[in-house]
Protein chains: 2
Amino acid sequence: MSESLDCNHDSTAFPAVSPEGVLERAAAILRAAGDPGRLRLLELLRSGERCVTELADFTGDSLSTISARLRVLRSERLLTRRREGKHQYYSLADHHIDELLQGVFEHAAEEESK
Amino acid sequence: MSESLDCNHDSTAFPAVSPEGVLERAAAILRAAGDPGRLRLLELLRSGERCVTELADFTGDSLSTISARLRVLRSERLLTRRREGKHQYYSLADHHIDELLQGVFEHAAEEESK
DNA sequence: GCCACAGTTCATCGATTGATAGATTGTATT
DNA sequence: AATACAATCTATCAATCGATGAACTGTGGC
């Protein structure tokens, strides 16, 4: 029997991993947030619900650009939307998203201060 | 003076946002983790340091594929690496990364169970 | 219905991305 | 130096991605 000791091959096996579906969901969430333009929108919405033109005015990007970004975020369920008259209001889907954002922003700020 | 009340334009302004550099860093981290193949590696490394061949054996992917994925993760500082003889060992860069992963996996699992 | 406003969608395009086979580099032993 | 093993790099390619202008859709007031 070959006792080939490739690195730590003699050590413990990997613990249980997430099902494929969970992994895909997690990756999709991270990927959706992983664009600077979209991440900025998420950040802005941490402070509360806003309509599309407010977001566009603040960022200086076109309505179609903002709309395209919001579409991605909503399709991955990072955002929710409601309509009031002519206006569409977007907000973070839940507190998990907020916590995720807080964590990564803190970490990024820490790294940038080095 | 135009008192055009576009949605909540009469409401409060946006609070302070992160500097551009912080935003870019945060987005880069999220993006690096936001690929299923790379995210799986991160997940595997949550349980501790592993060498490249262990990761390749477990996932069933080729060495060059694993190496390419690790390269992205390390360049965005999600992973650290050390060499011991012929072997390169990879591990999560710090506990922030672990927390980020935990948060997003829990959220994804929750969504997948609905 | 007409008009105005708010927002989305569509088609297009250049840029980016992830996988891959094989060449190359780094470490260890003899 | 020769050989073996571990891992990285390179070049290539098909697929995906984000921005964009303009057409289109939805809501509201008259």
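By convention in this document, chain letters (A, B, ...) are assigned in the order of the sequence lines, proteins followed by strands, and residues within each chain are numbered from 1.
Side-chain contact of S67(A) with S64(A): a donor-acceptor pair under 3.5 Å is absent, judged by distance alone.
A sub-4.0 Å separation between OP1 or OP2 of dG7(C) and a side-chain N or O of R81(A) is absent. Between T53(A) and dG7(C) there is a side-chain polar atom (N or O) within less than 4.0 angstrom of OP1 or OP2. Between S64(A) and dG21(D), a side-chain N or O to OP1/OP2 separation shorter than 4.0 Å is absent. The phosphate of dG18(D) (OP1 or OP2) has no side-chain N or O of R71(A) nearer than 4.0 angstrom. Taking 4.0 angstrom as the limit, Y90(A) places none of its side-chain polar atoms (N or O) nearer than this to OP1 or OP2 of dA6(C). Distances shorter than 4.0 Å separate none of the side-chain N or O atoms of R83(A) from OP1 or OP2 on dG7(C).
Rounded to whole angstrom, the span from the CZ atom of R82(A) across to the C1' atom of dG7(C) amounts to 15 Å. One atom, CG of L63(A), and another, P of dT9(C), lie 13 Å apart when rounded to the nearest Å. What separates CG of L70(B) from P of dT8(D) is a distance of 7 Å, to the nearest Å. To the nearest angstrom, P of dT8(D) lies 10 Å from CG of L55(B). The nearest whole Å value for the distance from the CG atom in L73(A) to the P atom in dT8(C) is 12 Å. Following rounding to the nearest Å, R69(A) (CZ) and dT9(C) (P) show an atom-to-atom distance of 16 Å. One interatomic measurement links the two molecules: NE2 of H87(A) to P of dT8(C), which rounds to 13 Å at whole-angstrom precision. Spacing between atom CG of D57(A) and atom C1' of dG7(C) amounts to 13 Å, rounded to whole angstrom units.
In this structure, Q88(A) contributes its side chain and C51(A) its backbone to no donor-acceptor pair below 3.5 Å. Under a 3.5 Å cut-off, the side chain of R31(A) and the backbone N or O of A33(B) do not form any donor-acceptor pair. Counting only distance, with no hydrogens or angles, the side chain of T59(A) and the backbone of L55(A) share a donor-acceptor pair below 3.5 Å. In this structure a side-chain-to-backbone donor-acceptor pair under 3.5 Å is present from D94(B) to I97(B). A donor-acceptor contact shorter than 3.5 Å links the side chain of E43(A) to the backbone of S18(B).
Applying a 4.0 Å cut-off to non-hydrogen atoms, the residues of residues 25-37 of chain A that approach DNA chain C are R31(A), listed by residue number.
Residues H87(B) and C7(A) come closest through the heavy atom pair NE2-N, 3.3 Å.
The side chain of K86(B) approaches dA6(D) more closely than any other nucleotide in the set dT20(D), dA6(D), dA7(D). The side chain of R38(A) lies closest to dG18(D) when the candidates are dG22(C), dT8(C), dG18(D).
A cation-pi arrangement is absent between R46(A) and F14(B), since the terminal nitrogen or guanidinium carbon is not both under 6.0 Å from the aromatic centre and inside a 45° cone about the axis.
Ranked by how close their nearest DNA chain D nucleotide is to the 5' end, T65(B) and A68(A) are led by T65(B). Each of I66(B) and E84(A) was assigned the nucleotide of DNA chain D with the nearest heavy atom; the assignment lying further toward the 5' end belongs to I66(B).
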